[in-house]
Amino acid sequence: MLYNMKDLLKVANDNQFAVPAFNICSFDMLKSIMEKAEYLDAPVILEIHPDEIEYLGNHFVSVVRAYALNSKVPVVIHLDHGGTLYDVTRAIRNGYTSVMIDASTKSFEDNIAITKKVVEMAHNVGVSVEAELGTIGNNGSSEGGADEIIYTDPDQAEYFVNETNIDTLAVAIGTSHGLYPKGKQPKLNIELLKEINSRLSIPIVLHGGSGNPDEEVRESVQHGVGKVNLSSDLKSVFFEGIRKTLIENKNMYEPNEIYPIANARLKEVVDYKMNLLNTVGKAKLYN
Ligand code: 13P
């Protein structure tokens, strides 16, 4: 079942669970995530970053759509960190059901202006829109972020959502993109999240979902977070699985021999995150 973000997260918000948004950058990742989501009877968000679609090519989305349309679990295909109108229109043309326009490093006024444009365009064709306010940190990931976190301002958040009519808001409450280096311990500002949530009536998105304390992530779901973005926690185990297999089997070259360990590791992470976010078994709520 193919859903847009608004409809998918309405059910999550009403039932106190969140849906993980997994970045996919290869067919094996797509296949493994879908197999695990179906096994767990859990809704899932598949997100593709502009760098990822540049690498994979537009035709990849046809395969993602085929999986979604033939699946018994709800699936959203989402553009992660669209930076330009080109990124957004390309995604809509490719058949994504949700787009992010990330103008968070621009001025507040420019962020509102570009987001409004995207909302008008996307809503006309039933596609949901996510925007970002504040800037999350960056541990050296290509997904972006700032050296210093700029925490989301609740007054601005309320004004921004009312002005733009977006469907979800990504906030900066202490997370960073990428894996945390040794000694850097993230801390989510749950009090700030509560304040932002009390001003908004749309689901909140947590970016930089990898490497955060489980307890804090779980708590964030109780205070309005409906979507948690996860990339590094998946890619790191997936590619480590391939690396290990190839190092231990120097002459191996058949994909059906190389990928199984990586796929199994990836599925373990998907299972763990789905349990953490309380997503398991929730597909049945969508009939
Ligand atoms: P991580 O790589 O930290 O999981 O962040 C992913 C993300 O936020 C994508 O937008």
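As the structure lists them, so they are numbered: ligands from 1, and atoms in each ligand from 1.
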Please confirm whether H177 and H49 have ring centers closer than 6.0 angstrom.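 Ring centroids of H177 and H49 are no less than 6.0 Å from each other.
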Tell me, which protein residue and heavy-atom name are nearest [atom], and how many Å apart are they?
atom: atom 9 (C) of ligand 1; answer: D80 OD2, 3.1 Å
atom: atom 2 (O) of ligand 1; answer: S232 OG, 2.6 Å
atom: atom 6 (C) of ligand 1; answer: E143 OE1, 3.4 Å
atom: atom 4 (O) of ligand 1; answer: S210 OG, 2.5 Å
atom: atom 8 (O) of ligand 1; answer: G208 N, 2.7 Å

Count I, L, V, M, F, W, Y as connected when their side-chain heavy atoms are under 4.5 Å apart, and connections chain through other members. Are M100 and L200 then in the same cluster? no
Decide whether L40 and L46 are clustered together by the hydrophobic rule: side chain heavy atoms of Ile, Leu, Val, Met, Phe, Trp, Tyr closer than 4.5 Å, transitively. yes
Using only heavy-atom distances, determine whether the side chains of [X] and [Y] contain a donor-acceptor pair under 3.5 Å.
X: T115; Y: N111; result: yes
X: E130; Y: S98; result: no
X: H81; Y: D51; result: no

Test item, A21 contacting ligand 1 (heavy atom, 4.0 angstrom):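 It does not; every heavy atom stays at 4.0 Å or beyond.
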Does ligand 1 have an atom under 4.0 Å from some heavy atom of E47? yes
Closest non-hydrogen contact found for L234 with I33 is CD2-CD1, 4.0 Å
What are the two closest non-hydrogen atoms of G224 and N13, and how far apart are they? O-OD1, 4.2 Å
For ligand 1, which atoms, with element, lie under 4.0 Å from some heavy atom of [X]?
X: G209; result: 3 (O), 4 (O), 5 (O)
X: L230; result: 4 (O)
X: G178; result: 1 (P), 2 (O), 3 (O)
X: H207; result: 8 (O), 10 (O)
X: H81; result: 10 (O)
X: S176; result: 3 (O)

Indicate yes or no for a side-chain donor-acceptor contact from N197 to the backbone of L193 under 3.5 Å, with no hydrogens or angles considered. no
Using distance alone, decide if ligand 1 has a nitrogen or oxygen within less than 3.5 Å of any nitrogen or oxygen in N229.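 Yes.
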Decide whether an N or O pair under 3.5 Å exists between D233 and ligand 1. no
Do K10 and D14 sit within salt-bridge range, that is, some charged N less than 4.0 Å from a carboxylate O?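 Here K10 pairs with D14 in a salt bridge, since their nearest N and O are under 4.0 Å apart.
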Measure N23 to ligand 1 on non-hydrogen atoms and call it side chain, backbone, both or neither using the 4.0 Å cut-off.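 Side chain only.
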